Amino acid sequence: MPEGPSIVILKESVQALQLEGQPLLSVSGTASIDFKRIRNQKLRSFNSWGKHFLICFDDCTIRIHLLMFGSYRINERKDSKERLSLVFKDAELNFYTCSVKLLEGRDEDLYDWSSDIMSRHWAPARALEKLQAHPDALLCDALLDQDIFSGVGNIIKNEALYRSGLQPYNTVAAVPVARLRQLIGDTRRYSADFLHWKKEGTLKAHWAVHTKKVCPKGHTVLKEYTGKTKRRSFFCPLCQELYRDGVGKAGK
DNA sequence: AAGGATGTTGCCTG
DNA sequence: TCAGGCAACATCCT
């Protein structure tokens, strides 16, 4: 479910309920947070940062991470126990199988908004700086680094690399800076497309390489478990370039 | 129909 | 002491 664009869909869904200003009448669930801290507090806003969904009060923020299996219901319940259930006058929000944390402070002070690929504050130049601070990192790892590309998950990683024509095994240092800039732009643009296609219900139909056996040009797609976290990478060795590490750098 | 996955944390081990 | 490995979370798709 949850890469950045899916969390934006969650945020937009609850924003449409117009609950801002309503007091939290009841809060419960199996999450181990201090419910007293937020009961009766007035909802200030909903927000998201990367894969984090944020419920904002005057001086504290609930952070929900859906991890791999998390789900939610709006004005509905599932059979399983709620990890967190929030009741307002006009609506009820239920979250399942997720990580819930209560953060002190306001959302705007808690995060670097320039790293959120879905944010209007996204700053590609800042992403390039952060990338270049990790010259030896593989692109597949760098894209999943939530401090650089907050909200990018495995699907966006694979599809953005395909769009950019770069293999996951490239190190940051080996790739010309113009192509790093292109990758940063493609990642942002694919994330916007992801949001659009997810809303349309056509996300999978638009995958070029993720879970595919052949790329759009008919070449065989490789599936390999790459990087520090051994996540699945799908890539086309013909359409996507591998720069030999150290090319152009003496002594390496 | 068993196995794995759009993800992260935290515990255990060496 | 610390880095790496991997179980846990519980659901859905292939």
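Only this structure's heavy atoms are used, side chains among them; waters, hydrogens and symmetry mates stay out. Given the structure is predicted, the values throughout are model-derived calculations rather than measurements. Reminder, nothing fancy here: chain letters follow the sequence lines and each chain counts from 1.
Sequence neighbours left out, the pairs with a member in residues 52-61 of chain A that pass side chain to side chain donor-acceptor pair (under 3.5 Å) are A/Arg37-A/Asp59, A/His52-A/Tyr111. For residues 211-224 of chain A, the pairs satisfying side chain to side chain donor-acceptor pair (under 3.5 Å) are A/Tyr169-A/Glu224, with sequence neighbours left out.
Taking a cutoff of 4.0 Å between a charged side-chain nitrogen and a carboxylate oxygen, A/Asp107 and A/Arg44 qualify as a salt bridge. Using a 4.0 Å cut-off between a side-chain N of Lys or Arg and a carboxylate O of Asp or Glu, A/Glu92 and A/Arg77 qualify as a salt bridge.
Taken residue by residue, residues 78-86 of chain A places heavy atoms nearer than 4.0 Å to DNA chain C at A/Lys78, A/Ser80, A/Arg83.
Looking only at atom types and distance, the side chain of A/Thr30 has a donor-acceptor partner in the side chain of A/Arg83 under 3.5 Å away.
Taking the side chain to side chain donor-acceptor pair (under 3.5 Å) definition, one finds that A/Gln15 meets it with nothing, sequence neighbours left out. For A/Tyr162, there are no side chain to side chain donor-acceptor pair (under 3.5 Å) partners at least two apart in sequence or on another chain. The side chain to side chain donor-acceptor pair (under 3.5 Å) check on A/His210 picks up A/Asn158, with sequence neighbours excluded. Residues passing the side chain to side chain donor-acceptor pair (under 3.5 Å) test with A/Arg232: none are found, sequence neighbours excluded. Every residue two or more places apart in sequence or in another chain that forms a side-chain contact (heavy atoms from CB on, under 4.5 Å) with A/Arg189 is listed here: A/Arg163, A/Asp186. By the ring-ring contact (aromatic ring centres under 6.0 Å, His included) test, A/Phe95 pairs with A/Phe53, sequence neighbours left out.
Residue A/Lys204 is in sugar-phosphate contact alone, with no base atom involved, counting any heavy-atom pair closer than 4.0 Å across all strands shown.
At least one donor-acceptor pair under 3.5 Å links the side chain of A/Tyr96 to the backbone N or O of A/Lys78. At least one donor-acceptor pair closer than 3.5 Å links the side chain of A/Gln22 to the backbone N or O of A/Lys89.
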**Fill in**
Protein heavy-atom contacts under 4.0 Å, written 5' to 3' over nucleotides 8-14 of chain B as B (base), S (sugar-phosphate only) or - (none), form the string S------
**Asked** Taking only Watson-Crick and G-U wobble pairs with both distances under 3.5 Å, what dot-bracket line describes DNA chain B, where [ ] shows pairs that cross earlier ones and | shows pairs with another strand?
**Response** .||||.||||||||
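One P atom belongs to B/dT6, the other to C/dG4, and the distance between them is 23 Å to the nearest Å. Spacing between C/dA10 and B/dA1 at atom P, rounded to whole Å, works out to 24 Å.
Going from atom CG of A/Leu195 over to atom C1' of B/dT6 covers 15 Å, rounded to whole Å. For the pair A/Trp207 CH2 and B/dT6 P, the interatomic distance rounds to 8 Å; values are reported in whole Å. Atom P of nucleotide B/dG4 and atom CZ of A/Phe234 are separated by 13 Å, given to the nearest angstrom. Nucleotide B/dA5 holds its C1' atom 12 Å from the CG atom of A/Asn158, rounded to whole Å. The NZ atom of A/Lys230 sits 16 Å away from the P atom of B/dT6 (whole-angstrom rounding). As a whole-Å value, the separation of A/Met68 CE from B/dG7 C1' is 5 Å.
Residue A/Ser233 holds its OG atom at 10.5 Å from CG of A/Leu222, rounded to the nearest 0.5 Å.
The outermost nucleotides of DNA chain C lying under 4.0 Å from heavy atoms of chain A, listed 5' to 3', are C/dC9 to C/dT14.
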